Asker: 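Supplied in structure tokens, the structure appears directly below.
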2 protein chains.
Amino acid sequence: MKKRTNKLRSHCPVNYGLEAFGDRWALLILRDIVFRGKRTYGEFLKSEEGFATNILASRLDHLIENGILQREGHETDGRKDIYSLTEKGLDLIPLLFEMVLWSAKYDSRSEAGRIIRLVELIRKDNRKISEKVIEQVKRGEAIVPEYLS
Amino acid sequence: MKKRTNKLRSHCPVNYGLEAFGDRWALLILRDIVFRGKRTYGEFLKSEEGFATNILASRLDHLIENGILQREGHETDGRKDIYSLTEKGLDLIPLLFEMVLWSAKYDSRSEAGRIIRLVELIRKDNRKISEKVIEQVKRGEAIVPEYLS
DNA sequence: ATAATTCACTTGCATATTGCAAGTAACAAC
DNA sequence: GTTGTTACTTGCAATATGCAAGTGAATTAT
């Protein structure tokens, strides 16, 4: 992916977002934090899409550089780091949710079928459910279990 | 970009979206249709981010293959094609708007500063303003002029 | 105390994508 | 019929992707 060189292609808001998280992997990391409560490199590695180790490392760094993720050492295991969303990252939850809505509508085989209740809540009031989920994620919770059908 | 081979990495809704439009150029095309009323290859080419001709062609094809864009011949000029959003593509407007909100908040130099009224309307009720804008875009209108400060 | 294992990467390299510059075919203008 | 425009395609160099193997630090097992 294009390395950030302190010079954006433009300051258009869509472009800004694309440069911050717009590739085929970055938002999957955010998804795994929000939906599954994942926090470590090893957990992220175990996704159904199959991250390459160097790509995962590169994307984690990119998200940190863009202020969307933060990294801190593990409490008791010096080998591991813990990744979490910053405020800036948490504010991407409504956008993730719009993706869920869109895909639930247009992918007939979507796994969104397993969290129908969440999809309904997003459709009803994305802003409201996002605020609730932001609090959950701040506490380190995974939201999928609560909504599984 | 990864060529679609009739096999998605997964049917996760976030991944589905990423495979449909998740690279650094595709959503800029949608932006130019929605915000600027652009319709032709030549108009898309003239963006501040600077599309490469082969990349633009490739992304247009990809969006058409994914049912997000449609192409029809120009009424009177056989050299040109007219691109427009399908229903599936129009349904991405709320997501584009969430990107605008997010970037307006986190990019201190954001051009979103020029469409403050639209940003306020999105923040207030994204779904509502999106429905209005979808109708405008269906009529081929560009929304930026109406909201420029 | 030492050896084995785990975790988070890095590295080398083959393959794929990106994007520049030039070129092409169809069409419009003159 | 000639010239210019539009939407691309092509060739190729640069860059990114991703596989497989390897590395260092830390943990666990002995």
Side-chain angles (χ1 to χ4, degrees), chain A residues 1-10 15 18-29 32-33 38-66 69-84, chain B residues 1-10 15 18-29 32-33 38-66 69-84:
Chain A
M1 107 193 294
K2 241 17 157 196
K3 207 44 174 160
R4 184 178 174 217
T5 58
N6 280 339
K7 188 163 174 41
L8 299 176
R9 295 180 300 183
S10 76
N15 184 71
L18 293 178
E19 299 212 29
F21 56 75
D23 80 298
R24 291 164 74 256
W25 294 102
L27 287 182
L28 294 185
I29 294 171
D32 286 349
I33 293 176
K38 293 183 183 183
R39 309 157 167 257
T40 67
Y41 180 95
E43 291 176 317
F44 296 132
L45 214 46
K46 298 184 197 120
S47 84
E48 40 173 344
E49 294 82 10
F51 278 91
T53 54
N54 55 323
I55 297 300
L56 176 55
S58 162
R59 297 303 183 271
L60 289 169
D61 280 345
H62 183 76
L63 289 169
I64 290 167
E65 280 163 18
N66 278 272
L69 268 195
Q70 63 202 358
R71 168 164 49 201
E72 61 205 36
H74 194 279
E75 270 185 8
T76 59
D77 191 333
R79 290 170 300 181
K80 293 175 175 176
D81 286 319
I82 295 298
Y83 294 89
S84 60
Chain B
M1 105 194 297
K2 265 318 184 232
K3 208 39 178 169
R4 184 177 171 219
T5 59
N6 281 338
K7 186 162 174 43
L8 301 175
R9 294 179 302 182
S10 77
N15 183 71
L18 293 178
E19 298 210 31
F21 55 76
D23 79 297
R24 292 166 73 254
W25 294 102
L27 286 182
L28 293 185
I29 294 170
D32 286 349
I33 294 175
K38 293 182 182 182
R39 310 156 166 257
T40 68
Y41 180 97
E43 291 176 317
F44 295 133
L45 213 47
K46 298 187 196 113
S47 83
E48 39 174 346
E49 294 83 9
F51 278 92
T53 55
N54 55 323
I55 298 300
L56 176 54
S58 162
R59 295 304 182 270
L60 289 170
D61 281 345
H62 182 77
L63 289 169
I64 291 167
E65 281 164 18
N66 278 271
L69 268 194
Q70 62 202 357
R71 167 162 50 201
E72 61 205 36
H74 192 279
E75 271 186 8
T76 58
D77 190 335
R79 290 171 301 181
K80 293 177 174 176
D81 287 320
I82 296 296
Y83 294 89
S84 60

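No experiment lies behind these values; they were computed from the predicted model shown. Just so it is clear: chains get the letters A, B, ... in the order the sequence lines come, proteins before strands, and each one is counted from 1.
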Asker: Mind checking B/Asp77 for me? I need base, sugar-phosphate or nothing, with any heavy atom below 4.0 Å counting as a touch.
Answerer: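 The answer is sugar-phosphate, as B/Asp77 gets under 4.0 Å only of primed atoms, P, OP1 or OP2.
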Asker: Between A/Phe51 (CZ) and C/dC9 (P), how many Å, whole number?
Answerer: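 Nearest whole value for this atom pair: 13 Å.
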Asker: Whole angstrom is fine here: how far is it from CD1 in B/Ile82 over to P in D/dC8?
Answerer: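 Rounded to the whole Å, the gap is 11 Å.
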Asker: Out of B/Lys80, B/Arg39, B/Arg79, which one pairs with B/His74 under the side-chain contact (heavy atoms from CB on, under 4.5 Å) rule?
Answerer: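 Looking at B/Lys80, B/Arg39, B/Arg79, the match for B/His74 under the side-chain contact (heavy atoms from CB on, under 4.5 Å) is B/Lys80.
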Asker: For the backbone of B/Ser10 and the side chain of B/Asn15, can you confirm whether one donor and one acceptor N or O come within less than 3.5 Å of each other?
Answerer: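 Looks like yes, one N/O pair under 3.5 Å.
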Asker: How many whole angstroms separate atom CD1 of A/Ile29 from atom P of C/dA8?
Answerer: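 To the nearest whole Å, that distance equals 13 Å.
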Asker: Separation of A/Tyr41 atom OH from C/dC9 atom P, in whole Å?
Answerer: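 Result: 6 Å.
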Asker: Work out which heavy atom in B/Glu19 is nearest to a heavy atom in B/Arg9; give both atom names and the distance.
Answerer: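 So the minimum-distance heavy-atom pair works out to OE2-N, 2.8 Å.
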Asker: Taking atom P of C/dT18 as reference, at what distance in whole Å does atom CG of A/Asp23 sit?
Answerer: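 It is 11 Å, rounded to the nearest whole Å.
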Asker: For DNA chain C, whose closest nucleotide is more 5', that of A/Arg71 or that of A/Arg9?
Answerer: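 Whichever sits nearer the 5' end wins; that is A/Arg71.
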Asker: Looking at CZ of B/Arg59 and CG of B/Leu28, how far apart are the two atoms once the value is rounded to the nearest 0.5 Å?
Answerer: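 Reported value, rounded in 0.5 Å steps: 10.5 Å.
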Asker: Between A/Lys80 (NZ) and C/dT6 (C1'), how many Å, whole number?
Answerer: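 Computing the A/Lys80:NZ to C/dT6:C1' distance gives 9 Å.
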Asker: Could you give the CZ-to-P distance, from A/Phe44 to C/dA8, as a whole number of Å?
Answerer: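 My rounded result for the distance is 10 Å.
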Asker: What is the distance, rounded to the nearest whole Å, between atom CZ of A/Arg59 and atom C1' of D/dG18?
Answerer: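 About 11 Å, once rounded to whole Å.
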Asker: Using a cut-off of less than 4.0 Å, is there contact between a side-chain N or O of B/Trp25 and OP1 or OP2 of C/dG19?
Answerer: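 Yes.
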Asker: Decide yes or no, distance alone: a donor-acceptor N/O pair under 3.5 angstrom between the base of C/dT6 and the side-chain of A/Arg79.
Answerer: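 Result: at least one qualifying N/O pair found.
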Asker: Quick one: the side chain of A/Thr53 and the base of C/dT10, do they pair up donor-acceptor inside 3.5 Å?
Answerer: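 Yes, a donor-acceptor pair under 3.5 Å.
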Asker: Under 4.0 Å from OP1 or OP2 of C/dT18: is there any side-chain N or O of B/Arg24 that close?
Answerer: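 For B/Arg24, the contact criterion (side-chain N or O under 4.0 Å from OP1 or OP2 of C/dT18) is not met.
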Asker: By nearest heavy atom, map B/Leu45 and A/Gly78 onto DNA chain D; which one lands nearer the 5' end?
Answerer: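 Its nearest nucleotide lies further toward 5', so the answer is B/Leu45.
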Asker: With DNA chain C as reference, determine whether A/Ala57 or B/Ala52 sits nearer its 5' end, using the nearest nucleotide of each.
Answerer: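 Per heavy-atom nearest nucleotide, the more 5' residue is A/Ala57.
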Asker: Within the 3.5 Å criterion, strictly below it, is a donor on B/Tyr83 or B/Arg71 matched to an acceptor on the partner's side chain?
Answerer: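 Yes - a donor-acceptor pair under 3.5 Å links their side chains.
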Asker: Closer than 4.0 Å, any side-chain N/O of B/Tyr83 to the OP1 or OP2 of D/dC8?
Answerer: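 For D/dC8, OP1/OP2 do have a side-chain N/O of B/Tyr83 under 4.0 Å.
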